[in-house]
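Worth knowing before you read on, the calculation uses all heavy atoms, side chains too, and leaves out hydrogens, waters and symmetry mates. Predicted model only: the values in this text are computed from it and were never measured.
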Amino acid sequence: MVSGLWDRVPLWVRIRWGLAPRTLAALALVLVAAVGLAAFHFWSVRPQGVRAPETVEAVAEDPLRAGGADPVPRPVAGAPPSPPPEPVGEIVVDVSGKVHRPGVQRLPAGSRVADALRAAGGVRAGTDVTGLNRARVLMDGEQVAVGLPQAPAALGAPGGAAGAPGAPGAPGPVALLSLSAATKEQLETLPGIGPVLAQHIIDHRTENSGFRSVDELRQVNGIGDRRFADLQPLVQP
């Protein structure tokens, strides 16, 4: 067939090309292969429609229904409640009275009276601590008086000044305020005693392990004879 086509080609063309029939057949095969590759290429890169993905709704499963573990811990019936967290921080207390090292002590928050006594060197021999609750939790700024008379709850009726013992119109004997155990607020209820003088009294008893007599008030800075005369019937060591 190729030779028949070749015979139909004009003579001048055959002379111009100078190709043999086999060469022409090879060229025809190459041309057919090229056309086939081009057609395959265009077919493979043709645009194609893309389908949108289907929406999948996620359903949250109840772990209790699915048999899984409960993410929120729940108390077990009959189990004892967990203890409260330990307090964190530091407190400052004043330990006075019959201890070996009276003064201001710094203790961890949550400490008890027994811890304050140990920090102050312990209680002196022969001291009666029957009325001292050594298991009580301390508060910041508290004073622990050891072996000293307890301060009275109040010096007189609320809103009025305390009267002297035996004064006319007095409801009865007034309890004397203990200089060794009274708080700063209680000292400020005394006539002529303000925050500064109350602090001087506390500093004096801290340095001297309390008051042994009322006359020691004369040694406190700021208390003269006239003020001492006003305080003497209202206080006790």
Side-chain angles (χ1 to χ4, degrees), residues 75 80-162 174-214 216-223 227-228 231 234-237:
S82 58
E86 293 293 333
V88 180
E90 185 181 64
I91 60 173
V92 180
V93 296
D94 181 15
V95 184
S96 61
K98 298 180 180 180
V99 292
H100 292 283
R101 293 192 302 271
V104 176
Q105 305 292 339
R106 296 181 180 274
L107 301 170
S111 298
R112 302 180 183 270
V113 173
D115 300 323
L117 298 180
R118 282 193 295 268
V123 180
R124 295 180 183 177
T127 303
D128 184 14
V129 293
T130 304
L132 188 63
N133 183 7
R134 285 168 285 184
R136 181 173 56 85
V137 178
L138 294 169
M139 303 295 293
D140 185 48
E142 184 178 346
Q143 183 185 38
V144 180
V146 183
L148 300 176
Q150 296 296 322
L155 292 176
V174 179
L176 301 182
L177 182 65
S178 173
L179 295 173
S180 298
T183 64
K184 183 178 179 180
E185 290 75 13
Q186 290 173 331
L187 292 173
E188 291 178 11
T189 62
L190 295 171
I193 301 297
V196 177
L197 276 180
Q199 187 61 47
H200 287 172
I201 295 174
I202 292 176
D203 294 341
H204 178 83
R205 77 185 183 194
T206 300
E207 296 173 358
N208 297 274
S209 301
F211 284 83
R212 295 172 180 81
S213 66
V214 178
E216 291 186 18
L217 268 178
R218 298 177 183 271
Q219 303 174 11
V220 177
N221 185 21
I223 297 183
R227 185 163 295 166
F228 173 76
L231 298 174
L234 303 178
V235 296
Q236 62 180 349

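Between D94 and S96, the side chains place no donor N or O within less than 3.5 Å of an acceptor N or O (distance only, hydrogens not considered).
Looking at Q236 and S178, their side chains come closer than 4.5 Å, going by heavy atoms from C-beta outward. The shortest distance between side-chain heavy atoms of N133 and V113 does not fall below 4.5 Å. Under the 4.5 Å side-chain criterion, counting only non-hydrogen atoms from C-beta, V214 is not in contact with L231. Counting only heavy atoms from C-beta outward, the side chains of V129 and V146 approach each other to under 4.5 Å. Two residues are said to be in side-chain contact when any heavy atoms from C-beta on lie closer than 4.5 Å; V144 and V99 fail this criterion.
Not one N or O on the side chain of R218 forms a donor-acceptor pair closer than 3.5 Å with the backbone of F228. No donor-acceptor distance shorter than 3.5 angstrom exists from the side chain of R205 to the backbone of F211, with no hydrogens or angles considered. Of the possible donor and acceptor atoms, none in the side chain of R106 sits under 3.5 Å from a partner among the backbone N and O of V92.
For the atom pair CG of L217 and NE2 of H200, the computed distance is 13.5 Å after rounding to the nearest 0.5 Å. In this structure, L177 CG and L187 CG are separated by 5.5 Å, a value rounded to the nearest 0.5 Å. One distance of note links CG of L117 with CD of Q105; it measures 10.0 Å at 0.5 Å rounding. Distance check, rounded to the nearest 0.5 Å: CG of L138 to CG of L107 gives 6.5 Å. Taking CZ of R136 as the start and CD of E142 as the end, the distance is 4.0 Å to the nearest 0.5 Å. Note: R227 CZ to I193 CD1 = 6.0 Å, rounded to the nearest 0.5 Å.
Taking each heavy atom of P102 and S209 in turn, the nearest pair found is CG-OG, 3.2 Å. Listed here is the closest heavy atom pair of V95 and A120: CG1-CB, 3.7 Å. Nearest heavy atoms, A116 versus V93: CB-CG2, 4.3 Å. Of all the heavy atoms in P237 and S213, the pair that sits closest is CG-CA, 3.6 Å. Closest approach of L234 to L190, counting heavy atoms only: CB-CD2, 4.2 Å. Between K184 and P195, the shortest heavy-atom distance links the atoms CE-O, 3.5 Å.
Environment of CZ in R134: sparse, with no more than 12 heavy atoms of neighbouring residues, nucleotides or ligands closer than 6.0 Å.
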